[in-house]
Amino acid sequence: MTTRQQRDTGNHPSAPSPWLIAMEFRAPWELGLLIPSWPLLRRAPVGDGHSVIVFPGLSASDGSTMPMRSFLENLGYDASGWNQGFNFGPRAGVLQAARQQVIDTFQMTGNKVSLVGWSLGGIYARELAKELPNCVRGVVTMGTPFAGLQQSTNASRLYELTSGRNIHREVEQFDLPGAPPVPTTSIFSRTDGVVAWPASIQAPCQDNPHTENVEVIASHVGLGLNPSAWWALADRLSQPEGQWKRFERKRGLHGMIFPDPSR
């Protein structure tokens, strides 16, 4: 953890340092790693065909999650984007449309839906799962700052510019740190240059023991394109409904790719 990350204001971590911001330029390399990693990714646990909705990050569209969704489709899932263009924050009608998409997918398929969210998209996924637990099978977030306030991310100003909303007032409307009442996984990176990694840590939840944090080595911009994040996502989505188990870190190379999140 960097010195800047260690500083804490009101129990909320400060934003990542300029050094970590500079490391975000490695994202294209993470995309490039998909090619040599593909033989291993093809061994990822296959899906059971249930529907998965993927929410993009701030100022991103479904185009940013297309590679991830193609990967999930290859594993047998019915993966779709959020179908609302660029994510410029919860503007009028955005959350209502997202809620209706979850309900419609559940009703059309007769099965619960898994929700995956990258960065801000993870906030949507978590809050929708809280509202619609009977429609949602589980939630997986990637670099999502649900446990911190605006000082925990370097994107707070961009959020206010694109959404036209005050981020502090927005946060006060929701219990963001509270876990959804469904199996919930937070994938995070300690080298995230946009979101302070402690802001992506799900605290133990007495009401829902099916929560966990999975650490990967990735940039924030590259999280949705990172081979290790894809593997963790596939592993989490493949669990039979009602048979959730924590992510298992193995010895050797697997343990290096997925560091101990509690260290």
Has Trp38 got more than 12 heavy atoms of other residues, nucleotides or ligands less than 6.0 Å from its CH2?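 For Trp38, atom CH2 is crowded (more than 12 foreign heavy atoms under 6.0 Å).
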Return yes when atom CG of Leu40 has more than 12 non-hydrogen atoms of other residues, nucleotides or ligands closer than 6.0 Å, and no otherwise. yes
Could you work out, with ring-ring contact (aromatic ring centres under 6.0 Å, His included) as the rule, every residue matching Tyr77, not counting sequence neighbours?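 Checked Tyr77 against ring-ring contact (aromatic ring centres under 6.0 Å, His included); matches are His50.
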With sequence neighbours excluded, tell me which residues meet side-chain hydrogen bond (donor to acceptor under 3.5 Å, both in side chains) with Asp260.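 Counting only residues at least two positions away or on another chain, Asp260 forms a side-chain hydrogen bond (donor to acceptor under 3.5 Å, both in side chains) with Ser262.
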Output all residues satisfying side-chain hydrogen bond (donor to acceptor under 3.5 Å, both in side chains) with Thr191, sequence neighbours left out; order by chain, then residue number.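 With sequence neighbours excluded, Thr191 shows a side-chain hydrogen bond (donor to acceptor under 3.5 Å, both in side chains) to Arg26, Ser189, given in chain and number order.
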So, taking the atom named CG in Asp48 and the one named CG in Asp78, what distance separates them when rounded to the nearest 0.5 Å?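 With rounding to 0.5 Å, CG (Asp48) is 11.0 Å from CG (Asp78).
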Side chains of Glu212 and Thr185, donor plus acceptor under 3.5 Å: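 Side-chain D/A pair, Glu212 to Thr185: present.
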Which residues pass the salt bridge (Lys or Arg N to Asp or Glu O under 4.0 Å) test with Arg126, not counting sequence neighbours? none
Non-neighbouring partners of Arg69 that pass salt bridge (Lys or Arg N to Asp or Glu O under 4.0 Å), sequence neighbours left out: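 Not a single residue meets the salt bridge (Lys or Arg N to Asp or Glu O under 4.0 Å) criterion with Arg69.
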Sequence-distant partners of [X], side chain to side chain contact (heavy atoms under 4.5 Å, CB included), two or more places apart:
X	result
Ala129	Val136, Val139, Pro180, Val182
Ser119	His220
Phe106	Lys112, Val113, Cys135
Pro181	Lys130, Pro133

Do Leu132 and Ile53 belong together in a cluster built from hydrophobic side chains that touch within less than 4.5 Å?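 Yes; Ile53 is reachable from Leu132 via cluster members.
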Say whether Leu41 and Phe247 are linked into one hydrophobic cluster, either directly or through other cluster members, by side-chain heavy-atom distances under 4.5 angstrom.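 In one cluster: yes.
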Where is the tightest heavy-atom contact between Pro227 and Leu34, given as atom of each residue plus distance? CG-CD2, 3.7 Å
What are the two closest non-hydrogen atoms of Glu24 and Val221, and how far apart are they? OE1-N, 2.8 Å
What pairs of residues pass the side chain to side chain donor-acceptor pair (under 3.5 Å) test when at least one of them lies in [range], not counting sequence neighbours?
range	value
residues 244-257	none
residues 222-234	Glu30-Asn226, Asn226-Ser228
residues 95-104	Arg99-Glu131, Gln100-Asp104

Do Phe55 and Asn87 make a side-chain contact, defined as non-hydrogen atoms from C-beta onward lying under 4.5 Å apart?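 Side-chain contact under 4.5 Å: no.
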If you define the side chain from C-beta out and look only at heavy atoms, does anything of Thr141 sit under 4.5 Å from Ile187? no
